[in-house]
Amino acid sequence: MVHITQRKLTKLHLWNALFVTLLTLSGLLLYSSFWRAVLGEAKVWIKWLHISIGLVSIVPVLYYLGFAARHWKQLKGKFWQRLNLIVVFTLLLGCFFSGVLLWQFQAAGPIVSNVALAVHDLLVWIGLPLILYHSLTKLGRLKEPPRYQSKGEGSFYTRKAFIRTVIGAGLTISVIPSMIKWIGDLGSGQGVQVNKEGANKLLPTPQPLAESAPPIGGGASDSFRSYSVTRLPFFNNDNWFFTIDGLVEEPITWNWEQFVALKRSVQVSDFHCVTGWSVYNNTWEGIPLKELLEKTGVKPAARVVKLYSGDGVYTDSLTLEQADMDDIMVAVMHDGKPIPNELGGPVRLIIPKMYAYKSVKWLNRIELIEENYIGYWGQRGYEHDAWVQG
Ligand SMILES: Nc1nc2c(c(=O)[nH]1)N[C@H]1C(S)=C(S)[C@@H](COP(=O)(O)O)O[C@H]1N2
Ligand SMILES: [Mo]
């Protein structure tokens, strides 16, 4: 049997360590709402970087698999090293395959994506403390005088090392995730705090229909992860208006009092983000887009419904044909309550059959136009027609 050299293993280890470090860093940048806000546009590039490195990171793993069986035999009797191998491989392959599924979200569909995201998250939360502990102890060991590493010092050092291991692992496991959560909250806090006391300052507060309160579907399955490519916009009765203009028979602008007086209806639907999370069973109350367009009338030349967010940046569009779907709603309430500012209130769009990036938050203008228009995420590489399959 050819012995696998330490050099070969070290080299492999270094490559793997490099990829894992880059993936961890880029992944944390993508995950934390603080960095999402700071990075803005760069987030798209970091996402592609993360995916590319993730794909390349399988190379050292495959290379290792070529002599894995021999290495395994070589580790005969070394229980901890074998366990370590199993753990590392579960983490690497688990992250890789769940990552591929998240990347291919459209082919995978929402349910598979939900599972892939849960697995990806879980493995990261298990893996991160392990990586950190591993690199810290490795670095620490380098500085230790050689006598500490010599065998046969008696049980004193072994016990001490064991205790140190337990304390070190405990600390890393408890501190790191909370630290990251904290960093994340720091960022989102800036905008969300403005609105902590209530959903919106707009008066009168809309009163839910009987089907909305309590929600017909029993309420949403989960909570939303609040996303915004801008700082949160904030509205009151003086600066909130809703306009439908462009190729319409008669443009209309409503103020809040007029808008809450419009007849609303209720629907239950699911909400899917391309990053793998979903919220099922939402009870939305609002005005079907179709009915809103009937109020202004649409000129024959109009082909496309362009949607504007009150954040001044985010836009999207639907063809008039798509806009005719009954379940597209200009929503005012969620599960019987006004939509909070963080989730796009006072008024947001809901397009249940498409991915949520089409569901413009803080919707305050609809323009009917002739030419096709590609929206915010469409311009950044996502499908313009964002159908959720199934
Ligand atoms: N104005 C605006 N609308 C938006 C977004 C945004 O960043 N700005 N993000 C979209 C994306 S990608 C998703 S997943 C949902 C998130 O909705 P939520 O923040 O209420 O969970 O809003 C969509 N609409
Ligand atoms: Mo999304």
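Please read all numbers here as calculations on a predicted model, not as lab measurements. Ligands are counted one by one from 1 in listed order, and the atoms in each one are counted from 1 as well.
Each of the following atoms of ligand 1 lies closer than 4.0 Å to a heavy atom of C273: 14 (S).
Using a 4.0 Å cut-off between charged side-chain N and carboxylate O, K361 and D311 make no salt bridge.
Considering backbone and side-chain atoms alike, K361 places an N or O below 3.5 Å from some N or O of ligand 1. Any N or O atom pair closer than 3.5 Å counts here, and G344 shares no such pair with ligand 1. Remark: ligand 1 and Y357 share no N or O pair separated by less than 3.5 Å (distance only, no angle test). Note: no N/O pair closer than 3.5 Å links W277 and ligand 1 by distance alone. Residue W362 places no N or O, backbone or side chain, under 3.5 Å from any N or O of ligand 1.
In terms of protein heavy-atom proximity, atom 1 (N) of ligand 1 is nearest to D311 OD2, 3.0 Å. Of the protein's heavy atoms, R225 O, 2.8 Å lies nearest to atom 21 (O) of ligand 1. Protein heavy atom closest to atom 9 (N) of ligand 1, with residue, atom name and distance, is Y314 OH, 3.7 Å.
Neither the backbone nor the side chain of Y355 comes within contact range of ligand 1; no heavy atom lies under 4.0 Å.
Counting heavy-atom neighbours within 6.0 Å of W45 CH2, excluding the residue itself, gives a total of 12 or less.
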